[in-house]
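Numbers restart at 1 for each chain; the letters A, B, ... are given by sequence-line order, proteins then strands.
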There are 2 protein chains.
Amino acid sequence: MRLSKTSEYALRIFSFMINDDKQVFSAKYLVNNLNIPEKYLRNLLTKLTKFNLIKSIKGRDGGFVFAKNADKITLADIVDAVEGMDKYEKCILGFDYCDESRPCALHHRWHPIKQQILDFLNNTTVADLRDKEGNLRF
Amino acid sequence: MRLSKTSEYALRIFSFMINDDKQVFSAKYLVNNLNIPEKYLRNLLTKLTKFNLIKSIKGRDGGFVFAKNADKITLADIVDAVEGMDKYEKCILGFDYCDESRPCALHHRWHPIKQQILDFLNNTTVADLRDKEGNLRF
DNA sequence: ACAAAATTCCACATCAAAATAGAAATTAAA
DNA sequence: TTTAATTTCTATTTTGATGTGGAATTTTGT
């Protein structure tokens, strides 16, 4: 697929957080553990905070925590905050009007696959990112 | 999904050509019928020619024709020529190494869907774009 | 109160995709 | 042979995503 790089980063942040024992994650700690440019990561954390996906704790010993329970944060929430979900819902040929009654040449073949992608993003939560078999590497 | 805009354009060119009676398609004719910036479309046609997906006929009354039979041109061929297929084959979290033996946190859930996308692109041909029910609009 | 550790804000730099511009080269019809 | 209709080439501009830099602000521990 082709999520934006920023969406990749965002998902990796959540994937890391759900699989680490810490309760509060300082930006510095995330920088040290994720392979994401420092400044870009900090900006991204601020953005995710504004969308109420994580909460920031200021001051000494501060950092970031989940803003709500991990099973209430979907991948679609994250992607939507970072780059918008619109692109993934649109016609594959880029037409404005494409739907069941006025389908593009690919609509009938593509639609069921697109639906699976959207279901995947909408129904997978951060809690689902928890690794059960200990084979994660960052 | 999120093909690049250029891939969208390219697919629309083929979709239009397979559904139009003409044999030779001048750039001007395509410009008039597809909603794509003129200069950009012309450059794109040249590119597709270099990848041997269409052939150009120069000079007066020239234009473009399919370089091979429509059922021998896959969507993946087109996307690959225009932007490369690599992106669509990579790990959804952007890791280099992600596979069955060292999966990322999303690998098992995402892999079957990714496979469907790739099958769709690899197995759908330009011939499949032919509209049977006459409900195409451009 | 002070200093340390953190987030936040504003501005700028880089890069690749997308879009544009103009001139050159090719061909075939008349 | 002329001319018109075409493709082709090289270069530049614009735009949005990605990435950097530095100072300001907030908060906590001591």
Would you tell me if any nitrogen or oxygen in the side chain of [X] comes within less than 4.0 Å of OP1 or OP2 on [N]?
X: B/T6; N: C/dA18; result: yes
X: B/K58; N: D/dA4; result: no
X: A/K50; N: C/dT7; result: no
X: B/R42; N: D/dT7; result: yes
X: B/K39; N: C/dA18; result: no
X: A/S26; N: C/dA5; result: no
X: A/T46; N: C/dT8; result: yes
X: B/Y29; N: D/dT6; result: no
X: B/Y40; N: C/dA17; result: no

Measure from [atom1] on [X] to [atom2] on [N] and round the result to the nearest Å.
X: B/K55; N: D/dT8; atom1: NZ; atom2: P; value: 13 Å
X: A/K5; N: D/dG16; atom1: NZ; atom2: C1'; value: 15 Å
X: A/I57; N: C/dA4; atom1: CD1; atom2: P; value: 22 Å
X: B/L30; N: D/dT6; atom1: CG; atom2: C1'; value: 13 Å
X: A/L41; N: C/dA6; atom1: CG; atom2: P; value: 13 Å
X: B/E38; N: D/dT7; atom1: CD; atom2: C1'; value: 12 Å
X: A/K28; N: C/dA5; atom1: NZ; atom2: P; value: 7 Å
X: A/L44; N: C/dT8; atom1: CG; atom2: P; value: 12 Å

Next item on the list: Choose from C/dA18, C/dT8, D/dT7 the nucleotide whose nearest atom is closest to any side-chain atom of B/F64.
Entry: D/dT7
Next item on the list: Could you please name the option among C/dT7, D/dG19, D/dA4 that lies closest to any side-chain atom of B/R60?
Entry: D/dA4
Note to self: Under 6.0 Å from the ring centre and within 45 degrees of the ring axis: does the NZ or CZ of A/K22 meet both conditions for the six-membered ring of A/Y29?
What the structure shows: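 Positive - A/K22 is close enough to the ring of A/Y29 and near enough to its axis.
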Note to self: Tell me whether the rings of A/F14 and A/F66 are parallel (<30°), tilted (30 to 60°) or perpendicular (>60°).
What the structure shows: parallel
Margin query: Can you tell me how the ring of B/Y40 sits relative to the ring of B/Y9, calling it parallel under 30°, perpendicular over 60° and tilted otherwise?
Written below: perpendicular
Note to self: Are B/H111 and B/E100 packed together at the side-chain level, in the sense that at least one heavy-atom pair is separated by less than 4.5 angstrom?
What the structure shows: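 Contact flag for B/H111/B/E100 side chains = yes.
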Note to self: For a quick check, tell me whether the side chain of A/N43 and the base of D/dT20 share a donor-acceptor pair closer than 3.5 Å.
What the structure shows: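 When only heavy-atom distances are counted, A/N43 does reach the base of D/dT20 through a donor-acceptor pair under 3.5 Å.
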Next item on the list: Would you kindly say whether A/T74 and A/D77 are connected by a side-chain donor-acceptor distance under 3.5 Å?
Entry: yes
